[in-house]
A.B. asks: 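Quick one: structure below, then a few questions.
First listed ligand is number 1; within each ligand, the first listed atom is number 1.
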Amino acid sequence: MDILVSNDDGVHSPGLLALAEAMRPFGRVVIVAPDRDRSGASNSLTLSRPLRPKQLDEHVWAVDGTPTDCVHLALTGLLPFTPDIVLSGINHGPNLGDDVLYSGTVAAAMEGRSLGLPAIAVSMDAFEPRHFDTACRAVAMLVRDMASHPLPGDTLLNMNVPDRPWADIRGLRSTRLGQRHPAAPMVADTDPRGRRIYWIGLAGAAADEGEGTDFHALREGCISVTPIHFDMTRHDALGALARWLPHAVTD
Ligand code: MN
């Protein structure tokens, strides 16, 4: 099996290295990841300049681009073979609910999926995680079982893992995305030259963390696994929109 591992925390991230190491028993592991922390990069592609991948080791590439750039590059020319699966992570910090809209971790997996490969995004529910081995065991189970349970073509898995030993995990749960409250306000300050500066604030607390959500699973000590698809169409709003939307262009 050939496994592509990427992330958004950067090629030197302990979470990425732990995941790559854990996947070695499955076959050839290739890392193509950003050369620095690109968390929050979402699905962005670098179009304004070329990318210069740097080979750090036989199967390790650092790319001066986004997570999406990395997977795109890996699957469309950089690698001389097509991997069997794309794994993204292990992210330092959770990707729950609407986090998936901003997440570079999820984006890397999504890019893999949109280029036709099975894909899993993996995140720890802690910003300084200690139990990567817990996530690695869960990913290994999924990688093993996914071959016989293929997902629909536009679907990937988003996994979030409590930062605790495997023995303290209460199971895996298939979940839906919960929802967060709006983010905390910008943090405003003044730079040494008197200009205003702003830092994006923290993500909001959970708003919808009801039963069945990824938030809920984590709170119960379970690993959440959410199937995500690309179709952002609100199908049940189509009918009402079609009724009030002017169909003819008049002056
Ligand atoms: Mn990250």
Side-chain angles (χ1 to χ4, degrees), residues 3-23 29-46 51 53 56 60-74 85-114 119-136 138-139 142 156-164 175 177-178 180 183-184 187 199-206 214-215 218 223-226 228:
I3 301 171
L4 173 62
V5 177
S6 192
N7 75 344
D8 73 357
D9 292 333
V11 71
H12 301 295
S13 162
L16 173 109
L17 301 175
L19 179 59
E21 198 53 45
M23 290 302 113
V29 178
V30 182
I31 296 173
V32 183
D35 61 1
R36 68 200 76 175
D37 185 357
R38 301 302 304 266
S39 294
S42 185
N43 300 82
S44 54
L45 278 173
T46 301
L51 298 165
L56 305 182
V60 183
W61 295 85
V63 179
D64 57 341
T66 66
T68 301
D69 288 333
C70 291
V71 174
H72 193 88
L73 195 63
I85 190 167
V86 176
L87 304 178
S88 178
I90 301 167
N91 192 58
H92 296 218
N95 279 302
L96 300 164
D98 17 321
D99 295 343
V100 303
L101 291 177
Y102 303 99
S103 170
T105 307
V106 174
M110 199 176 280
E111 188 64 11
R113 193 59 182 139
S114 73
I120 309 174
V122 193
S123 306
M124 297 297 295
D125 187 27
F127 287 96
E128 289 179 14
R130 295 185 301 136
H131 297 286
F132 291 123
D133 51 316
T134 299
C136 289
V139 175
L142 261 64
L156 60 122
L157 296 180
N158 181 41
M159 175 190 277
N160 282 274
V161 181
D163 189 33
R164 49 168 86 174
T175 51
L177 295 175
R180 289 188 186 277
V187 177
W199 262 24
I200 304 271
L202 290 174
D214 42 9
F215 288 98
L218 283 188
I223 293 169
S224 70
V225 183
T226 307
I228 293 181

A.B. asks: Answer whether the closest heavy-atom distance between the side chains of Pro53 and Asp35 falls below 4.5 Å.
C.D. replies: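 No; the side chains remain at least 4.5 Å from each other.
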A.B. asks: What are the protein N, O or S atoms, given as residue plus atom name, that sit under 2.8 Å from the Mn ion (ligand 1)?
C.D. replies: Asp8 OD1, Asp9 OD1, Ser39 OG, Asn91 OD1
A.B. asks: For the residue pair Ser6 and Ser88, confirm or rule out a side-chain donor-acceptor distance under 3.5 Å.
C.D. replies: no
A.B. asks: I want to check something: taking the side chain as every heavy atom from C-beta on, are Ile223 and Met159 in contact at a cut-off of under 4.5 Å?
C.D. replies: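 They are in contact (side-chain heavy atoms under 4.5 Å apart), so the answer is yes.
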A.B. asks: Side-chain contact test, heavy atoms from C-beta onward, threshold under 4.5 Å: evaluate it for Ser123 versus Leu96 and give yes or no.
C.D. replies: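 A side-chain contact is absent here, since even the closest heavy-atom pair is not under 4.5 Å.
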A.B. asks: How about Thr175 and Thr226: do any of their side-chain heavy atoms sit closer than 4.5 Å?
C.D. replies: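 Of all side-chain heavy-atom pairs linking Thr226 with Thr175, at least one is under 4.5 Å.
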A.B. asks: Taking the side chain as every heavy atom from C-beta outward, state whether Val122 and Leu87 have any atom pair closer than 4.5 Å.
C.D. replies: no
